[in-house]
Amino acid sequence: MESWTLVVLALAAVLLVGGAHSERSRLAYFPGDGRLKASVRGLPRHLVPCYSDPRLFARETRIPMTMANLVDLVQRVERDPGFVADLRVLTTTLLHRFRVDGLERDPLVLASPGVTPYRLSGLQHARHNVLAGRLLSGSADMFPDGALNAQQQCALHWMLSSAVDPWERGDERWLCPHVPTPRSNMPIPRMPSGARRNAAGGEVFRPRLYPDPQRDVGPWAGVNVSPPPAFPDAVSPAWSACPVEEGVVEAGRAGGGVAAGTVLAGVAAGLQPQSVPLASLLSAPHLARLRADGGRDSDTVDNLWAATLAGDLAEVAAYQGPHLAGPGGQGGLLLGPGGVWNDSLVPRVRYLSRERPGSPDLSPVLHWDMTDAEIRAGFDGLALGSRVGRWLQDAGRLRLSQVLDMYFSAKGAAFDEDVKACRRGATSAAVFSPDILFKQTSRFARTLTDSSPDAPYMTEAALANFTTASVRVFLRYAGDLLSADECDPAPLLSVRVNAVVILDTTWTRPDAFSFLASFTNAEGIDVGLFGSRIAVMNGGVGGPIGGHWIVNFTDSPVQLTTEWARVDVEDDIWPTYLDLPWSLMAIIEHMQAKAQAESVRGVAGGTHGDVVIILATKSTVSDTDMRHAKALRLKLKELNPDTRLLYVVTDLGEARFQELVNLIEDWDDAVIVVDDLSPPMVAHAVTKHLRDSEYDPAAHPHAAAPRTNCVTKAALARTHPAAPGRLAPAECVLVQGASGGPQQERSAGASPGTWPVQHGAHVWAAPGVRRGQGRARTLVPGGELEDYVSPGQLRLYRINTAYLRPGQPASVKIVGEDYGDLRLCVWRGAAPGGPAAAMKAALRAEEDGGLDGHGEADPQVLCINMEGSGEGNVTIAEPCDGGCAPLYVSVYGTRSYLKCSEDDCRYPDEMRYLLRPSGVMCVGAEPAAASSSAPSRMRTAPGVRLFLQALLLQALLALTKR
């Protein structure tokens, strides 16, 4: 008997001591503290691994919670061959499969083998039950199990499921005092280098996952940084001063932090609108009591409002109203709070901020019924849900990934460019009504008083008072929140590159991934299914075949994160120095495989520029390595003249690497000198070099109405795109030998994981590359290049001087696919100041192709307009007049027919077209005759020389290393 008495006393002591500092608040807000004692349902079976497997649950290794990753995951499901579903079915399937709001950690249970301390006890679950069970029909069983792996499924669940972990974790005293309060009047401490303020909601982020003792100094020491958990979350029923909020996705400057599940619920409700009688949503006893009190049961609940703003605001009225509203329904109702990420570049953990400006550092956060992320998402879901049905009718076919990609971008919706997340206030104004919000909030709050144990029964008059107070507070709070939204202008030119990043020993694993996260996001090169592609190479581990590929070429930000996870466990693949010759050899072999794949497919060049970024901020290159590197650079240029090599160095290495740039007088390669070696700043320096550094979209005359029938070239004179696509003869391929040659033997003898980049068509026909699915195409002599462009957008290509010959006219033919109206322009890149100056001068030319009067040496621009399925041809009679200069080709979208519905369409308003160059010659040889059925492949003398010289160089390098 004594032992049981001691156990009971010990448990009572834990409960009293752990929650003593906030017992009054907890008992007032949750009478009887029912959430600790209630018996509730556990986890859905298919989500148990997400919480029981430490490798999946660990927050510090999760797939980052970004909109780009959410779009990527949705695209993977959409493209799964075993899943055929329209927009409505896909959206509802994802919601029913992965969205489970209100999952909450049990503070009195410690995770152990066979024990998962999570249950459906959060306040959000009552609302979720009503939505999923009665207002948003669908089935979780339709989801294709093979579409996503376990890590990706768990990531999608955490992105869509709203929940808060309110209990103490053990890091509050170190972390919570530094979580700023959004929109407070208190001065925010000076941000160190690399920190930034997000325009959406005034949230302050910190671009680092773990604390760095050498950098985290001063008032911002350790701000918003989670330490790696050495042990599971503490067992304590005390409330945290900065709880973790789940279900939020960071949309960057285009949208801020949003509750993605609410956005998808709004889309689903808009595709299956329902007005459900309130009486059908209430239990029989509750309905009888309501009628006895004279309450109304004849009203209807609109599923769009319930899924978005009214549903969240109803939680404020039902849960806070009886306890905080005060006499007559007036008083201290609280909306928010806002939140901050552990890392602005790799957002994985989101912490809720203190509720009131000036509240004590460690005061517990007790109210999160409608956080800032849920408010933003409520407006987004309402805006999309009220329009998506009409959009679907106009387009005929629409994908969920397209809706999210358009709305959370500077571009905006293809059907209405003003509908975008950064203008959510104006976007929602057309459908938002305070009167409707009051009615729908009151009605949905009534369902919560019936279904939630945390909402007491209240009369119709009391509920009306609490709803009135909630709406009044919401209108004021949301107005302040949305006033921080700010839109960036839509870019005229987008960066599309195949980027290879070569790392040297300077970079630690966390810093390298921070660089990649900053470099690949939407403000960088925009890696994605329809954007850029990236691969990462170890520049320091030599071997029989050259550099070591850490991450395979991918157009998936999710895949980049997954591949990077191997880096932490495979120490042998991390660089120990910079072996420049071996790295260049690896690039050459990759380019040979790429060229062969393009030749087989009859592709006349590429839509993406080829860029090699060598991060050599603290590396030195010996004289021997420099000599070999110079020879290899010449061979690389012979193989692919359009490959750009960017050497990122400090002042100390500038002169050394400038030797490589000066080897060939062209404008492609460059040395980028950086002073600040923080990953975001290095990424910014490289991105700035690749992007339109001089283009000012606000000054563009078509910025307000880009869907005009022409583009004024004077407006494009400020552009300086450094990585255009390329047009080249399709039949020119430098092969090392037939199948089964030395190339395959070296690959077969390599260690596992050494060469994830495979040779041949497999590399460039991988998922994500636009391959003209389902379209029969006859290969034409010389090849052709297929591409897409949106209205108001410009695509730029270059024909390298290596493919031009004196006295040989060069032509470019454009073939429309009846998707819209286009404009093709071609000009020579010859002018004082080099090709870049020539391009700017050409873009200043008048629409008729005449000179703009800025100088006699300015180039002539030849342009044609093409409508629908028409064709057009532009010929430069003498591309080598006064010396060969590159030809530039631009395609501008003037008007879309909104016919782009295939999987290769990023947006519904994109226009597909074909470019066919002619009069261009292979490097070092005349082009071989091509048949009409397949492009010919020639084994040029330079290709044989390159192979033999490469073998010889490998032997020399091996001897040198000895």
Side-chain angles (χ1 to χ4, degrees), residues 604-605 637-638 640-642 664-668 713-714 716-717 719-721 724-732 780-785 794-815 823-866 871-892 914-930 940:
K637 290 292 183 175
E638 183 179 331
N640 186 341
D642 293 297
I664 299 178
E665 292 296 332
D666 58 29
W667 67 281
D668 292 284
K713 291 300 172 181
L716 307 183
T719 59
H720 183 184
R726 58 190 181 87
L727 291 175
E731 62 268 20
C732 299
V780 299
E784 62 187 11
L785 183 66
L794 190 77
R795 298 295 192 196
L796 187 66
Y797 315 87
R798 188 177 71 154
I799 300 177
N800 197 282
T801 54
Y803 305 124
L804 303 175
R805 298 292 182 271
Q808 175 69 39
S811 301
V812 177
K813 182 178 183 179
I814 185 170
V815 179
R823 182 172 176 81
L824 170 70
C825 294
V826 182
W827 66 94
R828 290 186 67 223
M839 181 176 58
K840 296 179 185 180
L843 291 173
R844 287 195 300 263
E846 298 295 339
E847 293 294 327
D848 60 2
L851 295 178
D852 65 352
H854 286 271
E856 295 181 357
D858 283 349
Q860 186 179 26
V861 181
L862 302 179
C863 299
I864 59 168
N865 292 319
M866 193 277 299
E871 299 180 0
N873 190 78
V874 174
T875 300
I876 301 295
E878 183 48 76
C880 292
D881 184 16
C884 289
L887 296 182
Y888 292 93
V889 179
S890 69
V891 177
Y892 180 81
L914 303 173
L915 293 178
R916 296 172 181 169
S918 59
V920 291
M921 307 294 180
C922 300
V923 177
E926 294 296 319
T940 65

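Values reported hereafter were calculated over all heavy atoms of this structure, with side chains retained and with hydrogens, waters and symmetry mates removed.
- The two residues Y803 and P729 have their closest heavy-atom pair at CD2-CD, 3.7 Å.
- For the side-chain contact (heavy atoms from CB on, under 4.5 Å) with L862, the qualifying choice from V874, V812, L824, T875 is V874, the only one to do so.
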Please assess C880 against R805 for the test side chain to side chain contact (heavy atoms under 4.5 Å, CB included), listing each intermediate value before the final yes or no. CA-CA 7 Å; C880 292; R805 298 292 182 271; 5.8 Å; no
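- The minimum heavy-atom distance between L804 and P879, with the atom names listed, is CD1-CB, 4.0 Å.
- E878 places a side-chain N or O within 3.5 Å of a backbone atom of G807 that can act as its donor or acceptor partner.
- Between the side chain of R795 and the backbone N or O of V891 there is no donor-acceptor pair closer than 3.5 Å.
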Stepwise side chain to side chain contact (heavy atoms under 4.5 Å, CB included) check, K813 with E871: CA-CA 7 Å; K813 182 178 183 179; E871 299 180 0; 3.0 Å; yes
Given side chain to side chain contact (heavy atoms under 4.5 Å, CB included), test I864 with I814 step by step and report yes or no. CA-CA 10 Å; I864 59 168; I814 185 170; 4.2 Å; yes
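- Nearest heavy-atom pair across S890 and W827 is OG-CZ3, 3.6 Å.
- Under the 4.5 Å side-chain criterion, counting only non-hydrogen atoms from C-beta, L727 is in contact with L785.
- Closest approach of L887 to A810, counting heavy atoms only: CD1-CB, 3.7 Å.
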Apply side chain to side chain contact (heavy atoms under 4.5 Å, CB included) to residues Q808 and M921 and explain how you reach the verdict. CA-CA 9 Å; Q808 175 69 39; M921 307 294 180; 3.5 Å; yes
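- A pairwise comparison of heavy atoms in T801 and A885 identifies CG2-C, 3.2 Å as the closest pair.
- Judged purely by atom type and a 3.5 angstrom limit, R916 has no side-chain atom pairing as donor or acceptor with the backbone of S811.
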